[in-house]
S.K.: 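Sharing a structure here in structure tokens format.
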Amino acid sequence: MIKVLVRQANREDLPVIRELYHQPDFHTEESVALEESERIMEDMAHYPYYKVFVALDGVRIVGTFSLAILQGLSGDFAGVIEDVVVLEECRGQGVGEQMIRFALEEGKAAGCYKVTLSSNVKRERAHHFYESLNFERHGYSFTTNL
């Protein structure tokens, strides 16, 4: 098991995060420019709670995820985990579990009544991992390009 420290990502982390996102089994879309990634991170700072986190095994970034905490019209808070990815050579060594547990604790501390996550339908290995952490498959997710 690799013991990691999870912290909020910063601008200097973006090149490594972008590399993680473009491992063969994660994203197949073409990468946005680094400058666009920087702008997106700046935009995220304007949301009440929308953060990117990284997991470090000392000095090296070995994983990343994003977490948004949203308030519904009922006043309840819910967390949404997205873009969970671990460096291929570190998979199966507890990194993903530590990141998810960190995200769940953040949600709990923010008063969330639930935390959901999204995952590409093609990532069956990831789905089994989430189920091992007591997540249940629920509903369908739809997307369209504009």
S.K.: Between Arg60 and Glu89, is a salt bridge (Lys or Arg N to Asp or Glu O under 4.0 Å) present by the stated rule, with each step listed?
M.R.: CA-CA 12 Å; Arg60 178 176 68 153; Glu89 67 191 64; 2.8 Å; yes
S.K.: Under the side chain to side chain contact (heavy atoms under 4.5 Å, CB included) rule, what do Thr64 and Asp83 come out as? Steps first, then yes or no, please.
M.R.: CA-CA 7 Å; Thr64 188; Asp83 297 326; 6.0 Å; no
S.K.: Decide side chain to side chain contact (heavy atoms under 4.5 Å, CB included) for Arg11 and Glu38; before the verdict, give the C-alpha distance in whole Å, the side-chain angles of both, and the deciding distance to 0.1 Å.
M.R.: CA-CA 7 Å; Arg11 186 181 192 137; Glu38 291 170 341; 3.1 Å; yes
S.K.: State the CG-NE2 distance between Leu117 and His138, to the nearest 0.5 angstrom.
M.R.: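 Between atom CG of Leu117 and atom NE2 of His138 there are 12.0 Å.
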S.K.: Tell me whether Val80 is reachable from Val115 by hopping between hydrophobic residues (I, L, V, M, F, W, Y) whose side-chain heavy atoms are closer than 4.5 Å.
M.R.: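 No.
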S.K.: Assess whether ring pair (Phe, Tyr, Trp, His ring centres under 6.0 Å) is satisfied between Phe77 and Tyr113, documenting all intermediate values.
M.R.: CA-CA 6 Å; Phe77 289 93; Tyr113 76 99; 9.6 Å; no
S.K.: Please report the interatomic distance CZ(Phe102) to CZ(Arg7), rounded to the nearest 0.5 Å.
M.R.: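 Output value for this atom pair is 11.0 Å.
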S.K.: Output the distance between atom CD1 (Ile81) and atom CD (Glu106), rounded to the nearest 0.5 Å.
M.R.: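 The CD1 atom of Ile81 sits 10.5 Å away from the CD atom of Glu106.
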S.K.: Can you name the one residue among Arg123, Glu124, Glu97 that meets side-chain contact (heavy atoms from CB on, under 4.5 Å) with Phe129?
M.R.: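 Only one option passes, and that is Glu97.
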S.K.: Taking Asp13 first and then Arg18, would you say they form a salt bridge - that is, a charged N and a carboxylate O separated by under 4.0 Å?
M.R.: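 Salt bridge: no.
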S.K.: Determine whether Ile40 and Met44 make a side-chain contact, defined as any pair of heavy atoms from C-beta on separated by less than 4.5 Å.
M.R.: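 Yes, side chains in contact.
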S.K.: Is there a path of hydrophobic side-chain contacts, each under 4.5 Å between heavy atoms, that joins Ile100 and Leu5?
M.R.: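 No.
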S.K.: Looking only at heavy atoms, what is the nearest atom pair of Met41 and Val52, with distance?
M.R.: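 Taking every non-hydrogen atom into account, CE-CB, 4.4 Å.
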S.K.: How far apart are the closest heavy atoms of Leu133 and Arg101, and which atoms are they?
M.R.: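 Reported closest heavy-atom pair: CD2-NH2, 3.5 Å.
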S.K.: Of Glu19, Arg91, His22, Met99, which is the lone residue that meets side-chain contact (heavy atoms from CB on, under 4.5 Å) with Val85?
M.R.: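 Testing each of Glu19, Arg91, His22, Met99 against Val85, the sole residue satisfying side-chain contact (heavy atoms from CB on, under 4.5 Å) is Arg91.
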S.K.: Identify the two heavy atoms, one from Cys112 and one from Ala78, that lie closest to each other, and give their separation to 0.1 Å.
M.R.: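 Scanning both residues completely, I find the closest heavy atoms to be SG-C, 3.6 Å.
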S.K.: Please walk me through it: do Lys51 and Ser66 pass side chain to side chain contact (heavy atoms under 4.5 Å, CB included)?
M.R.: CA-CA 6 Å; Lys51 299 177 183 179; Ser66 62; over 6 Å; no
S.K.: Between Arg39 and Glu42, does any NZ, NE, NH1 or NH2 come within less than 4.0 Å of an OD or OE carboxylate oxygen?
M.R.: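 Result for this pair is no, no salt bridge flagged.
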S.K.: Any idea how Phe135 and Tyr130 line up, ring-wise: parallel (<30°), tilted (30 to 60°), or perpendicular (>60°)?
M.R.: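 Perpendicular, since the angle between the ring planes exceeds 60°.
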S.K.: Do His127 side-chain atoms and Lys122 backbone N/O form a donor-acceptor pair below 3.5 Å?
M.R.: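 Between the backbone of Lys122 and the side chain of His127 there is no qualifying donor-acceptor contact (under 3.5 Å).
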S.K.: In Å, rounded to the nearest 0.5 Å, how long is the span from SG of Cys90 to CD1 of Ile2?
M.R.: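 Interatomic distance, Cys90 SG to Ile2 CD1, rounded to 0.5 Å: 4.0 Å.
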S.K.: Identify the two heavy atoms, one from Ile69 and one from Ala110, that lie closest to each other, and give their separation to 0.1 Å.
M.R.: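 Ile69 and Ala110 have their closest heavy atoms at CD1-CB, 3.4 Å.
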S.K.: Treating Ile, Leu, Val, Met, Phe, Trp and Tyr as nodes and any side-chain heavy-atom pair under 4.5 angstrom as an edge, say whether Leu70 and Leu67 lie in one connected cluster.
M.R.: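 Different clusters.
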S.K.: Does this structure show an ion pair linking Glu88 with Arg125, if we count only N-O contacts that are shorter than 4.0 Å?
M.R.: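 Result for this pair is no, no salt bridge flagged.
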S.K.: Which distance, rounded to the nearest 0.5 Å, do you find between the CD1 of Ile61 and the CG of Leu87?
M.R.: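 Interatomic distance, Ile61 CD1 to Leu87 CG, rounded to 0.5 Å: 10.5 Å.
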S.K.: Check step by step if side chain to side chain contact (heavy atoms under 4.5 Å, CB included) holds for Met1 and Val95.
M.R.: CA-CA 8 Å; Met1 176 179 225; Val95 174; over 6 Å; no
S.K.: Atom CG in Asp57, atom CD in Gln98: separation rounded to 0.5 Å?
M.R.: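 It is 10.5 Å, given to the nearest 0.5 Å.
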